[in-house]
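What you see below is based on every heavy atom in this structure, not just the backbone, and it leaves out hydrogens, waters and symmetry mates.
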Amino acid sequence: MSNWIGDVFTSDVGWDHLERLVDIGNRMAGSDGEREAAELTRDALVEAGARNVRLESFDVQGWTRGESSITARETTQECIALPRSPADRVTAPLVDLGYGLPEDFEERDLEGSVVMVRSDIPDHYDRYLHRREKYYHAVENGAVGFVYRNHVAGCLPPTGSVGTDDEPIGEIPAVGVSSEVGARLARRFDGEDIELAVEADIHPAESQNVHAELGPDTDERVLVTSHVDAHDIAEGALDNGAGTAMVVELANALANREDELETRVEFVAYGAEEVGLVGSSYHAETTDHDTITAIVNSDGVVRDRTLSVTTHGFDELEAAADEIAERYGHPIETVPKMGPHSDHWPFVRWGVPGYHVKSTSDDVGRGWGHTFADTFEKLEQRTFREQAILLSDLVVHLARENVTVEHRAPEAIAAALEDQGLAEGIRITGDWPYDE
């Protein structure tokens, strides 16, 4: 055992790949940079010793940002467009809704207004409210514009997509503003007319998933996944260069332990996650769910030293993570709730067992993620290596013939979403897939 642990802890394979990814620059879905990142990941998986390494392309709605602005009285306030915002210009009264909880939308007359909401939730609130949920509450209540205000100080406007799978371009123009600009807008211009303008080029584009395999050629497989795309305003080191670097590092580690794999391991670095889980949804629609033992999806790893795995109520997945944590005397937080965001979800929503692997955090939301500050130097190689050791052994454990993780009925997943108060948000964003 000690030999492979030493090899992983001294390996530079994944970390070097992370550095190559962030140095590309723009990895927006459908861009040349995303394609370059996918090709680099393909080549790294070949170098690691994986087989059947390939790119699988699919269509995606391309979106390229232009100029955006907020004009209030005679002032111009800095903002950035949210991806998949329509190109539009509106003038309407600003309504500051604070946190933008569902009840906040119900209590105000928002018809014909520009709504501003924070990116966090109050401490007492029992669930996280995703940006797209707040956006579609604004749409449903008649708003003509949407301003998303970061709760993290530092003059960092947040990004993040709007739109749905069926309508990939949102219905009203949407921008992100920093915490400081949001405070200024609320203090000086709440209730006054402002002009919100977004320029964007919307065009057909192509993205791609990267596939590779190790282990015996069995029908059953463990999926080890990430997403290779990132928002265009930053390096995307945390979200999700680190996740894709982890996939490469795990492939390198497991290539040296291939004789321990009793089930095929399929590595997939998805494209176009940030614009609606497009790559993973394409994969989920074109592959056999019954052959998937489990999904290990890294999105948010290395942010903190301790791993956190959302297990979606699959007891066997929680037990496996606990076993690995006990084996190494290294904590792994297990969260048994539903987590309907990131590339595991197009599978888990139909009952396929899956982890969302990230790091523990005391912060609400993404921290530096989805801002200009998502850069390489925020991450530590020591943390990367420690988490790679834990995750490589977790994948080996799941790839044993005697490990069975029971799939769940879609009805059970739907019921869990209802019980945990998540169904409302998924419905309003148009993502509820179950028959009513």
Side-chain angles (χ1 to χ4, degrees), residues 28 63 65 67-72 75-85 94-101 104-105 113-123 125 127-138 143 145-163 170 172-190 194 196-198 200 230-240 274-275 299-300 303-304 341-342 358-359 361-375 377-379 425 429:
M28 190 70 179
W63 185 94
R65 74 174 62 251
E67 297 295 323
S68 300
S69 64
I70 294 175
T71 304
T75 71
T76 299
Q77 306 296 325
E78 292 184 358
C79 66
I80 60 174
L82 300 187
R84 300 202 299 187
S85 168
L94 175 69
V95 176
D96 176 25
L97 275 192
Y99 290 109
L101 306 180
D104 296 330
F105 288 93
S113 67
V114 174
V115 170
M116 181 169 68
V117 299
R118 292 170 56 106
S119 60
D120 60 346
I121 55 173
D123 292 339
Y125 209 68
R127 68 179 180 91
Y128 179 67
L129 295 175
H130 193 270
R131 169 194 63 258
R132 289 176 61 242
E133 179 177 350
K134 297 183 181 185
Y135 176 82
Y136 278 103
H137 275 299
F146 181 77
V147 179
Y148 193 55
R149 170 188 172 184
N150 201 352
H151 70 283
V152 178
C155 298
L156 295 169
T159 189
S161 69
V162 295
I172 60 176
V175 299
V177 299
S178 68
S179 176
E180 294 79 2
V181 168
R184 186 182 308 130
L185 288 169
R187 177 172 58 86
R188 296 182 60 189
F189 307 112
D190 190 18
I194 65 170
L196 173 62
V198 171
H231 282 292
D232 58 336
I233 66 169
E235 295 176 354
L238 170 65
D239 190 9
N240 188 33
E274 296 289 8
V275 292
D299 188 357
R303 176 177 172 178
D304 183 86
H341 307 295
S342 194
K358 47 189 176 179
S359 301
S361 175
D362 293 329
D363 298 329
V364 175
R366 294 179 172 84
W368 302 124
H370 284 206
T371 75
F372 297 112
D374 184 0
T375 55
E377 74 282 352
K378 304 290 194 312
L379 306 177
T429 59

### Query
Does any non-hydrogen side-chain atom of Pro83 lie less than 4.5 Å from one of Glu274?
no
### Task
Indicate the atoms forming the closest heavy-atom contact of Gly170 with Val162, along with that distance.
CA-CG2, 4.2 Å
### Task
Could you tell me the separation between the CD1 atom of Ile172 and the OG atom of Ser85, rounded to the nearest 0.5 Å?
8.5 Å
### Rounded distance [0.5 Å steps], CD1 in Ile194 versus CE in Met116
8.0 Å
### Summary
Taken to the nearest 0.5 Å, the spacing of Leu101 CG from Ile121 CD1 works out to 8.0 Å
### Task
Classify the angle between the aromatic ring planes of Phe146 and Tyr135 as parallel (below 30°), tilted (30 to 60°) or perpendicular (above 60°).
perpendicular
### Message
Using modelled atom types and a 3.5 Å cut-off, is there a donor and acceptor pairing between side-chain atoms of Ser359 and backbone atoms of Gly300?
### Response
yes
### Query
Does the side chain of Pro157 come within less than 4.5 Å of Phe372's, by heavy atoms?
yes
### Message
With heavy-atom distances below 4.5 Å as the criterion, would you say the side chains of Val114 and Phe189 are in contact?
### Response
no
### Message
Quick one: does any side-chain atom of Arg84 pair with a main-chain N or O of Val275 as donor and acceptor, under 3.5 Å?
### Response
yes
### Task
Work out which heavy atom in Glu78 is nearest to a heavy atom in Val177; give both atom names and the distance.
O-CG1, 3.8 Å
### Query
Is there a side-chain contact between Arg65 and Ile233 (heavy atoms, below 4.5 Å)?
yes
### Query
Do the ring planes of His130 and His341 sit parallel (below 30°), tilted (30 to 60°) or perpendicular (above 60°)?
parallel
### Query
How many angstroms lie between atom CG of Asn150 and atom CD of Glu180, to the nearest 0.5 angstrom?
8.5 Å
### Message
For Gly163 versus Tyr136, what's the shortest heavy-atom pair and its separation?
### Response
CA-OH, 3.1 Å
### Query
Would you say Ser161 and Arg131 make side-chain contact, with heavy atoms under 4.5 Å?
yes
### Task
Working to the nearest 0.5 Å, report the span between CG of Leu82 and NE2 of His370.
10.5 Å
### Message
Counting C-beta onward and ignoring hydrogens, is there a side-chain heavy-atom pair between Leu129 and Tyr99 closer than 4.5 Å?
### Response
no
### Query
Is any side-chain heavy atom of Ile80 closer than 4.5 Å to a side-chain heavy atom of Ser68?
no
### Message
Using 0.5 Å steps for rounding, measure from the CG atom of Leu94 to the CG atom of Leu196.
### Response
10.0 Å
### Query
Short question: side chain of Asp374, backbone of Ala234 - any donor-acceptor pair under 3.5 Å?
no
### Query
Around atom CD of Glu67, are there more than 12 heavy atoms of other residues, nucleotides or ligands at under 6.0 Å?
no
### Message
Quick check: closest heavy atoms across Ser119 and His151, and the distance to 0.1 Å?
### Response
OG-ND1, 2.7 Å
### Message
On a heavy-atom basis, which atom in Val115 and which in Ala143 lie closest, and how many Å separate them?
### Response
CG2-CB, 3.7 Å
## Note on the structure
All heavy atoms of Trp368 vs all of Ala373, minimum pair found to be CE3-CB, 3.4 Å
### Query
Are any non-hydrogen side-chain atoms of Phe105 and Val117 less than 4.5 angstrom apart?
yes
